[in-house]
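This report refers to the structure that appears directly beneath it.
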Amino acid sequence: MDDSHRRYGDANAAPSSGAGERSSLVRPYAVTGGRTAPRVQLAMEALVSSATVMHQDISMLTPERQAISTLCRQVRSVAEVSALLRIPLGVVRVVIADMAAEGLVHVHQPQLEAGKPDLNLLERVLSGLRRL
């Protein structure tokens, strides 16, 4: 079992002896400070980009925040961040919302006008389908 699964919830995992891997368990509630929901609603398809620059020192951040900051130098969705870092979606939502509040990342929420689809998008799709 890899280190990421051990850190996020496998209580039966034996500590790793690898030099570069963590040996302690970190529970999701420890990462989120016991919170189970972000302070602001964060859609799983919301796009996240890092507000830190390449040469900025992020070593004072927690390992999760460092990983998110580095990964989001390319725009990623919240779901992608969760999957790529192998951190539960709920934990990622809480951490990203906190990072956004601190100005470490920019979050671009989808604009869903009361569930109504974008008329321009639908017209472009229809036009494209007609050209097929």
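Quick caveat: nothing in here was measured; it's all calculated off a predicted structure. Values below: all heavy atoms of this structure, side chains included; hydrogens, waters and symmetry mates excluded.
Listed by chain and residue number, Ser50, Thr52, Ile58, Met99 satisfy the side-chain contact (heavy atoms from CB on, under 4.5 Å) test with Ser69 (two or more places apart in sequence, or in another chain). Every side-chain contact (heavy atoms from CB on, under 4.5 Å) that Leu126 has, sequence neighbours left out, goes to Arg130. Shown here are the side-chain contact (heavy atoms from CB on, under 4.5 Å) partners of Val40, two or more places apart in sequence or in another chain: Ala97. Residues that satisfy the side-chain contact (heavy atoms from CB on, under 4.5 Å) test with Ala79, not counting sequence neighbours, are Met44, Ser77.
Scanning all heavy atoms of the two residues, the minimum distance from Arg76 to Val81 falls at CB-CG2, 3.9 Å. The two atoms that bring Pro88 and Ser82 nearest to each other are C-OG, 3.7 Å, heavy atoms only. Closest non-hydrogen pair, Arg93 versus Leu42, comes out as NE-O, 2.9 Å. Heavy-atom minimum distance, Ile87 versus Glu64: CD1-CG, 4.2 Å.
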Which atom pairs, donor and acceptor, lie under 3.5 Å between side-chain atoms of residues 102-110 and protein residues at least two apart or in another chain?
| residue | atom | partner | partner atom | Å |
| --- | --- | --- | --- | --- |
| Glu102 | OE1 | Arg65 | NH1 | 2.6 |
| Glu102 | OE2 | Arg65 | NH1 | 3.1 |
| Glu102 | OE2 | Arg65 | NH2 | 3.4 |
| His108 | NE2 | Ser49 | OG | 3.4 |
| Gln109 | OE1 | Ala43 | N | 3.3 |
| Gln109 | NE2 | Gln41 | O | 2.6 |

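The closest side-chain heavy-atom distance from Leu85 to Leu71 is below 4.5 Å.
Under a cut-off of 6.0 angstrom, the local environment of CD in Glu123 is crowded, with over 12 non-hydrogen atoms contributed by other residues, nucleotides or ligands.
Here Met60 is tied to no hydrophobic group at all, with no ILVMFWY side chain closer than 4.5 Å.
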